[in-house]
Protein chains: 2
Amino acid sequence: MAHKRNANDVAVDEPYLQIGEVAERTGVTQRTLRFYEEKGLLKPPTRMEGGFRLYSEADIQRLERIRHLKQLLGFPLAEIKEMVEADEVKMQLRAEYRPEAEASEKRAQILKAIEVTERQHELICQKATAIADMQSKLEERLGTFRGWLADLESTPKTAPKTKANV
Amino acid sequence: MAHKRNANDVAVDEPYLQIGEVAERTGVTQRTLRFYEEKGLLKPPTRMEGGFRLYSEADIQRLERIRHLKQLLGFPLAEIKEMVEADEVKMQLRAEYRPEAEASEKRAQILKAIEVTERQHELICQKATAIADMQSKLEERLGTFRGWLADLESTPKTAPKTKANV
DNA sequence: CCTAACCTTGACGTTTAGGTGAGTTTGGGG
DNA sequence: CCCCAAACTCACCTAAACGTCAAGGTTAGG
């Protein structure tokens, strides 16, 4: 067991949050938090001795990243999971960059990270162009409509409502 | 034979397609087509006397629009439905633009169309900026990684055997 | 020590978006 | 006229992503 003394023993300097607070703060339900944990999207948070979950700031950021990806891409959670895991690898690499390890190993890790990131980037790019497409199409339509409106205003058939006409 | 009629016994030269052909051509299943119809995403297509569905080119375009929106935005079908319906209103307006009707009525319709389109546009814009955000973040990361890689290449720990070093 | 508020683990329910037959009709070529 | 591929309508099933109790354990405050 992990010797983690938190609630009573040691005043926590880090802001650990219980599940309810996290739920309230992030707008997801407690069920969703447990569900994501169960599904491996969130890694099991630390717990108090009694078993209450304690979420760190990092946990919350991860959660918000998940929410973001989910509502942005609309992918199933399984894929979101992979993306977040890839992210995690990158973060880990970031943390382990300082220690001077074997150069070749580091190189391999970085290459892997680049590969993963490129895949994600390409995916996002596709979405981006598709969205931009749709955006410009909508703008074009708006232009058309506004043109029609202007036409109607300038060549009125029914009595125009200008002062001149009264 | 090439003699096809729709429900009103009108001979059609237009390429009407049966459900199987539509499915094959668009990549969705027949079930999905019937399901979308049931849910009001696709309006009931014309039928042969026997009850076989006959999809017009317009029907197919609508379907493809639905597919596009779905995979682009990842919204639930209920919302996609609303968007497609809004689109339909616009198309309808487009068709009814030529006949000279009451100017005020037309004005109202156009205003409505503009409103609807603006709503969609705003939605898309949000997505677009969010995506762009993520895109640039990923690019930044890629830059960082490539930088690290370059560092590794330029300051090797294991004895480099470049000419300069000999 | 007691209690209210909060958390835990199940377990079952719900909605969305279809998949998968089964059994029956229809369409059109031979 | 016959036949088989293709369509039709139910009806039931699934998987994902949670929602919703139920029955109990934990924490913090008094």
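Every chain is numbered from 1, with letters handed out A, B, ... down the list of sequences. We use all heavy atoms of the structure for the numbers below, so side chains are in, but hydrogens, waters and symmetry mates are not.
- Side chains of B:His121 and A:Gln135: no donor on one and acceptor on the other come within 3.5 Å.
- Remark: P of C:dG10 and CD of A:Glu37 are 12 Å apart, rounded to the nearest angstrom.
- Side-chain contact of B:Arg34 with B:Gln30: a donor-acceptor pair under 3.5 Å is present, judged by distance alone.
- Using a 4.0 Å cut-off, some side-chain N or O of A:Gln18 falls inside it from OP1 or OP2 of C:dC7.
- Judged by distance alone, with hydrogens and angles left aside, the side-chain atoms of A:Ser56 form no donor-acceptor pair with the main-chain N or O of A:Tyr16 at under 3.5 Å.
- A:Arg34 places its CZ atom 7 Å from the C1' atom of C:dT8, with the value rounded to the nearest Å.
- Under 4.0 Å is where a charged nitrogen must lie from a carboxylate oxygen, and between A:Glu79 and A:Lys39 no such pair does.
- As a whole-Å value, the separation of B:Lys70 NZ from C:dT16 P is 13 Å.
- Residue contacts for A:Phe75: at a heavy-atom cut-off of 4.0 Å it reaches no nucleic acid atom on any strand shown.
- Of the residues near DNA chain D, A:Gln30 and A:Gly50, the one whose nearest nucleotide (by heavy atom distance) lies more toward the 5' end is A:Gln30.
- Between A:Ala23 and A:Thr29, the shortest heavy-atom distance links the atoms CB-C, 4.2 Å.
- If you take OH of B:Tyr55 and C1' of D:dA7, they are 11 Å apart, rounded to a whole angstrom.
- By the 4.0 Å N-to-carboxylate-O rule, B:Arg62 lies too far from B:Asp59 to be salt-bridged with it.
- Rounded to whole angstrom, the span from the CD atom of B:Glu21 across to the C1' atom of C:dG28 amounts to 14 Å.
- Counting only heavy atoms from C-beta on, A:Ile19 has its side chain closest to C:dT8 among C:dG19, D:dT27, C:dT8.
- Taking side-chain N and O atoms only, B:Thr29 has a distance below 4.0 Å to OP1 or OP2 of C:dG19.
- At whole-Å resolution of the value, CD in B:Glu49 and C1' in C:dT25 are 14 Å apart.
- Considering only side-chain N and O atoms, B:Arg47 lies nowhere under 4.0 angstrom from the phosphate OP1 or OP2 of C:dG27.
- Within a 6.0 Å radius of CD in B:Glu115, no more than 12 heavy atoms belonging to other residues, nucleotides or ligands are found.
- Rounding to whole angstrom units, CD of residue A:Glu79 and P of D:dA15 are separated by 18 Å.
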Check the interface with nucleotides 20-23 of chain D: list each N/O to N/O pair with the protein under 3.5 Å, or write none.
| from | atom 1 | to | atom 2 | distance (Å) |
| --- | --- | --- | --- | --- |
| D:dT20 | O4 | A:Arg31 | NE | 3.2 |

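- Phosphate contact (OP1/OP2 of C:dG18, side-chain N/O of B:Tyr36, threshold under 4.0 Å): present.
- Dashed line: the shortest gap from a side-chain N or O of A:Thr32 to OP1 or OP2 of D:dG19 is under 4.0 Å.
- Put simply, CD on B:Glu24 is 16 Å from P on D:dA5, counting in whole angstrom units.
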